[in-house]
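Encoded as C-alpha cells, the structure appears first; notes follow it.
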Amino acid sequence: MGAIAATVGSAVGLGNIWRFPYEAGVHGGGAFLLVYVACVLLMGIPVIVAEFVIGRSTHKNVRGALRELAPRHKLHWFSYVCILASLMIISFYSVVCGWIVEYLQLSVRGLLHGHTPAEYEQMFADFVQNPWRCVLWTLLFLALNYVVLRRGLKRGIERVSNVLMPLLAVLLVVFCVNGLTLPGAERGVRFLFTPDFSQITPRVAIGAMGQAFFSLSLGLSCLLTYASYFKDSDSLVRNATIVGVLDTVVAILAGLMIFPAVFSYGMRPEAGPKLIFEVLPAIFEQMPGGPVWAVLLFALLFVASITSTISMSEISIAFFSEEWGMSRNRASILNTGIAMVLGTLCALSFGVLSEATVFGMTLFELFDYVSSNVLLPVGGIFFSLLVGWVLDRGLVRDQLTNHGTRTVRVMRPLVFCLRYVAPAAIVVIFLYGLLWR
Ligand code: PFF
C-alpha cells in the first residue's frame, strides 16, 4: 500500500490539475482527450509496467539497474538522459509550484476575493511579471523541497498525502458538481468530451503524448526508482493499471472543474499555462464559502506538487549518491542548487526574460516542451524496447507473474504492446510531428 500510494503521489500533481487543462484547452479539448487516453492505454500503462519490471527486479537506481540487466550493451549512458530530463522538469515545475504558494498565501490572507474575472487576469499578469515575487516563491519552494529530502521527511509527507490525496479527489468532485450547475456549463463539457477529428493534428498528437508521459511521471526512470522499493508480492500489472487509471481520472476531473467555468464566464480555453490561475479565482468568487474552498484547494495542490517534486529529485539524488559516491545531503544540495539556478531563469521567463527565446520559446517553454514532448517519449521507447526485446524472457515473466504465483491474463497483449505497439506509436507520432509541423 505504501509503495503504490507513493507512486500515485508522484504521478498525481500539477501535471493533472494545471498542465492537463491548459494543454487540452490549447489543443482543442475533445480531440486532445481522445489521443491522450489512447496514449495512456497503448503506451502509458505498458511502459509503466516496463519501468516497474526493471526497478523491482534489480532494486537499484536507473544506472545500476541498466548495468546489471544489460551488462553487454552499455545502456547505462541512458541514465544521463533521465537525469537531464528530471532536472529540466524540476526547474520549470517548481516555478508553477511557486505560483501555487503565491495563490495559497493570497487566499489565506483573503485577497483572492471580491474581484471580477478581468481583474483576476490582470492580477496574474502583474504577478508573473514581477521578478522578485516569482523568483522568491520558486526558491522558497525548492528550499522546502530540500528540507523534506534532507531531513528524511519524505515518509512523513507520503503518510500525510495518503490522507490528503483522496481529499483532493473529493474536492475536485465538489468543484465539478459546482461547475456543472453554472449557466452554459454544457458547452464546456462538450468541449472536453466531443472530439472533432479534423482537429487531430501533429501538434495535438505530440502534445497529448507528451502530456501522458509527463502526467504519469514516465520515461525518466522515476517509476523505476519507486518500483525498486516494491515488495516481491506486489502485482506489477495491477499497480500500473491503478496508477494509469487514477491519474487519468484526476486529469479528467480537473478538466470538468475548469472548462464549464471557462465557457460560462466567457474566458478563453486556449489561455495556456495561466489558465487555472485565472479561472479558479473566478470560480471561488461565485461559490458559497468561496474563500474557504480557495485555501483548501491551494493547500492540497501544494501537497500534491511537493510529492511530485520529491519524486523527481529522487532520480538525480539516487544517481549522485549511488554512482558518484556523494552523501545524500550533498546530493540533495547539488540537485537543489541546479534547480534553483535553472528555476530562477524559468521564473523570469514571463517577465524580464520573456524576450530571450530559443526556437521561439522562452526557457520555461523550452524546458517544458523538450522534456515532456521529446525526452520522456524517447525514454518510453527505450524502456519498452529494453523489456520487450533485450531482457531475458524468463525474468520478465517471473516479474509479471511473481515467480509463477499469479496468473496475468494480459501477459501476451502486454508484451506485444512493449515490443511493437508502444515504440512504433511513439515513433509514428514523432515523425508525424516532424514532417507535418
Ligand atoms: N507526474 C507529475 C505530475 O503530473 O504533476 C510530474 C512529474 C513527476 C513528472 C515526477 C516527472 C517525474 F519524474
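Start at 1 and go down the list; that is how both ligands and their atoms are numbered. Each residue takes its place number in the sequence, starting with 1.
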Looking at Tyr93 and Leu14, would you say the former's side chain and the latter's main chain have a donor-acceptor pair under 3.5 Å?
yes
Is it true that the NZ or CZ of Arg19 lies under 6.0 Å from the centre of Phe214's six-membered ring and within 45 degrees of the ring axis?
yes
Does any N/O atom on Ile315 come nearer than 3.5 Å to any N/O atom on ligand 1?
no
Do Thr138 and Ser94 have side-chain N/O donor and acceptor atoms under 3.5 Å apart?
no
Is there a nitrogen or oxygen of Cys222 sitting under 3.5 Å from a nitrogen or oxygen of ligand 1?
no
Kindly confirm or rule out an N or O of Asp247 lying under 3.5 angstrom from an N or O of ligand 1.
no
Is there a donor-acceptor contact under 3.5 Å linking the side chains of Arg56 and Asn402?
yes
Taking ring pair (Phe, Tyr, Trp, His ring centres under 6.0 Å) as the definition, give me every residue that meets it alongside Phe298, ordered by chain and number, with sequence neighbours left out.
Tyr103, Phe284
Could you check whether Glu121 pairs with Arg268 (Lys NZ or Arg NE/NH1/NH2 to Asp/Glu carboxylate O, under 4.0 Å)?
no
Going by an N to O cut-off under 4.0 Å, is there a salt bridge joining Arg328 and Glu314?
yes
Counting only nitrogen or oxygen atoms and a 3.5 angstrom limit, does Ser311 reach ligand 1?
no
Would one find an N or O of Gly15, backbone or side chain, under 3.5 Å from an N or O of ligand 1?
yes
Got the closest protein heavy atom to atom 4 (O) of ligand 1, with its distance?
Ala11 O, 2.9 Å
Got an N/O contact under 3.5 Å between Phe214 and ligand 1?
yes
Test item, Trp18 contacting ligand 1 (heavy atom, 4.0 angstrom):
no
Considering non-hydrogen atoms of the protein only, which is the closest contact for atom 12 (C) of ligand 1, and what is the distance?
Ser217 CB, 3.7 Å
